[in-house]
Amino acid sequence: MNVSDFTSELRERLEAIKAQDLYRELRRVDSAQEPRLELGGKSLLNFSSNDYLGLANHPALKEAAVKAIERFGAGSGASRLICGSLAPHHELEAALANFKQTEAALSFSSGYMAAVGTICAIAGKEDIVVIDKLVHACIIDAARLSGAKLRVYPHNDLNALQEILHWAARQEPTSGKRRPHTLIVTESVFSMDGDVAPLRELVELKEKFGAWLMVDEAHATGIFGRNRCGLAEEMKVADKIEIQMGTLGKALGASGGYICGSKMLIEYLINRARTFIFSTAPVPAAAAAARAGIELVQSGEGEARGHRLWAGINQVEDALIKSGWDLPGVRSAIIPLMIGEEAQAVATTLMLREQGIFIPAIRYPTVARGEARLRLTLTAGHTAEDIATLLAALAKLPPTKCARP
Ligand SMILES: *Cc1c(COP(=O)(O)O)cnc(C)c1O
């Protein structure tokens with residue numbers, strides 16, 4: 001074998017991906033995250049970002065990042081446990097715990113890292129991890145890597161979950177080992193479907209069966225709840241969830257991931273979460289920007305941005321339902337426009353791009369085969385005019401919509 005054999009093998013694999021309409025490539029963006037982006041020399045209205053409150057390019061976050069660079073430098077030098085535990089990380093974690101009203105918090109370099117580090121630290125070979133069928137790839141990867149027995153329940157199917165928990169409660173320890181524990185992991189708002197988990201019922205079930213619950217609030221933090229803490233706040237179950245997780249890279253406008261919970265949980269993760277222990281600390285600028293994002297979400301401006309976002313969501317969903325789209329029963333900033341066929345979804349994206357609208361096609365393996373969709377997201381930065389342009393472009397699409405699975 002030599003290098004050219006290797007590259008020709010990869011070429012063949014890529015051809016197979018293309019033949020299935022599943023080929024992906026990067027699209028270079030020459031502007032900041034804003035309602036308009038510069039893509040391929042063209043200015044497009046951006047309905048694809050997870051920057052739900054429009055904070056990624058906010059002056060307060062940028063200023064916090066610049067100040068942190070000036071005081072603490074560009075890099076962080078080492079992992080947190082060596083010498084990289086800089087003041088901005090500690091300040092971020094204090095802000096997170098205060099925001100989520102938990103005893104403590106721990107930040108990671110990404111949400112992906114937070115999921116992998118935490119799930120693998122909590123669950124091992126002797127344990128059971130139970131996940132919703134539609135959870136994010138980072139949770140699936142984490143559950144597999146943990147070595148725990150993995151059980152998957154159909155999306156939001158509480159009866160199926162109850163059966164699994166019944167089975168799990170009857171598992172005996174393998175000789176001489178501790179009793180197996182069961183960890184349920186769900187998202188609160190699902191990233192590609194925009195619908196929500198029945199958190200109250202999940203809490204009841206996990207209490208009944210003595211399981212633990214981890215909730216990923218990646219798409220709910222900053223959007224749901226009176227203080228915009230997330231869906232757990234809105235459903236009044238936050239203090240009943242063992243592990244609250246999220247990202248600093250979506251509504252909070254910066255980059256990184258977090259875990260919020262008890263002091264014991266955070267102390268344990270500092271000792272056992274390998275993605276935390278064996279990775280260089282996030283750069284000071286990222287921690288400082290995230291902290292500024294959290295403070296902004298909690299401010300009057302954060303509240304106003306939340307109202308603006310929800311007004312846009314309601315306007316777009318009302319219009320789409322009127323024109324026959326099948327949307328989730330509970331609203332969020334993620335609006336899936338179900339297409340079905342992969343090639344059709346890509347063609348629809350291109351058609352919209354011709355009209356100056358950017359909405360990405362989401363295909364397998366991000367979603368199931370034959371469930372391709374356009375994933376339309378709104379942010380607080382979209383104006384009434386932007387939304388009118390979007391709705392006019394969507395109205396011109398040929399009728400390709402299919403029912404939600
Ligand atoms: C984006 C996302 C993550 C990963 O967070 P990053 O900070 O981007 O690594 C985790 N869970 C869900 C549901 C997400 O959508």
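As the structure lists them, so they are numbered: ligands from 1, and atoms in each ligand from 1.
For Arg226, the CZ atom counts as loosely surrounded, since its 6.0 Å shell holds 12 or fewer non-hydrogen atoms of other residues, nucleotides or ligands. With a 6.0 Å radius and a threshold of 12 heavy atoms from other residues, nucleotides or ligands, Glu103 has its CD atom above the threshold.
With contacts defined as side-chain heavy-atom distances shorter than 4.5 Å, the pair Leu378/Tyr52 does not qualify. In this structure, Leu44 and Arg353 have side chains that are in contact, with non-hydrogen atoms separated by less than 4.5 Å. Residues Thr186 and Leu202 meet the side-chain proximity criterion, which asks for heavy atoms closer than 4.5 Å.
The shortest contact between atom 11 (N) of ligand 1 and any protein heavy atom is with Asp216 OD2, 2.5 Å. Of the protein's heavy atoms, Lys250 NZ, 1.5 Å lies nearest to atom 1 (C) of ligand 1. Of all protein heavy atoms, the one lying nearest to atom 5 (O) of ligand 1 is Gly111 CA, 3.4 Å.
Residue Gly257 places no heavy atom under 4.0 Å from ligand 1. The closest approach between any non-hydrogen atom of Ala115 and ligand 1 is not below 4.0 Å.
Residue-ligand proximity, Tyr112 to ligand 1, at heavy-atom distances under 4.0 Å covers atoms 4 (C), 5 (O), 6 (P), 9 (O). Which parts of ligand 1 touch Gly256 is read off a 4.0 Å heavy-atom cut-off, strictly below it: atoms 7 (O). When each atom of ligand 1 is checked for a heavy atom of Ser191 under 4.0 Å away, the hits are 15 (O). Listed by atom number, the atoms of ligand 1 under 4.0 Å from Thr247 heavy atoms are 5 (O), 6 (P), 7 (O). When each atom of ligand 1 is checked for a heavy atom of Glu187 under 4.0 Å away, the hits are 13 (C). Atoms of ligand 1 lying under 4.0 Å from any heavy atom of Ala218, numbered from 1 in the order shown and given with element: 11 (N), 12 (C), 13 (C), 14 (C), 15 (O).
In this structure Asp30 satisfies the salt bridge (Lys or Arg N to Asp or Glu O under 4.0 Å) test together with Arg28, sequence neighbours excluded.
At a heavy-atom distance under 4.0 Å, atoms from both the backbone and the side chain of Ser110 approach ligand 1. Only the side chain of His219 comes within 4.0 Å of ligand 1, counting heavy atoms alone; its backbone N, CA, C and O stay farther away.
Between Trp310 and Phe224, the gap from one ring centroid to the other is short of 6.0 Å. The distance between the ring centers of His136 and Phe190 does not fall below 6.0 angstrom.
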Inset, instruction - Verify salt bridge (Lys or Arg N to Asp or Glu O under 4.0 Å) between Arg291 and Glu93, making sure each step is shown before the conclusion. - result: CA-CA 8 Å; Arg291 178 186 166 205; Glu93 286 158 357; over 6 Å; no
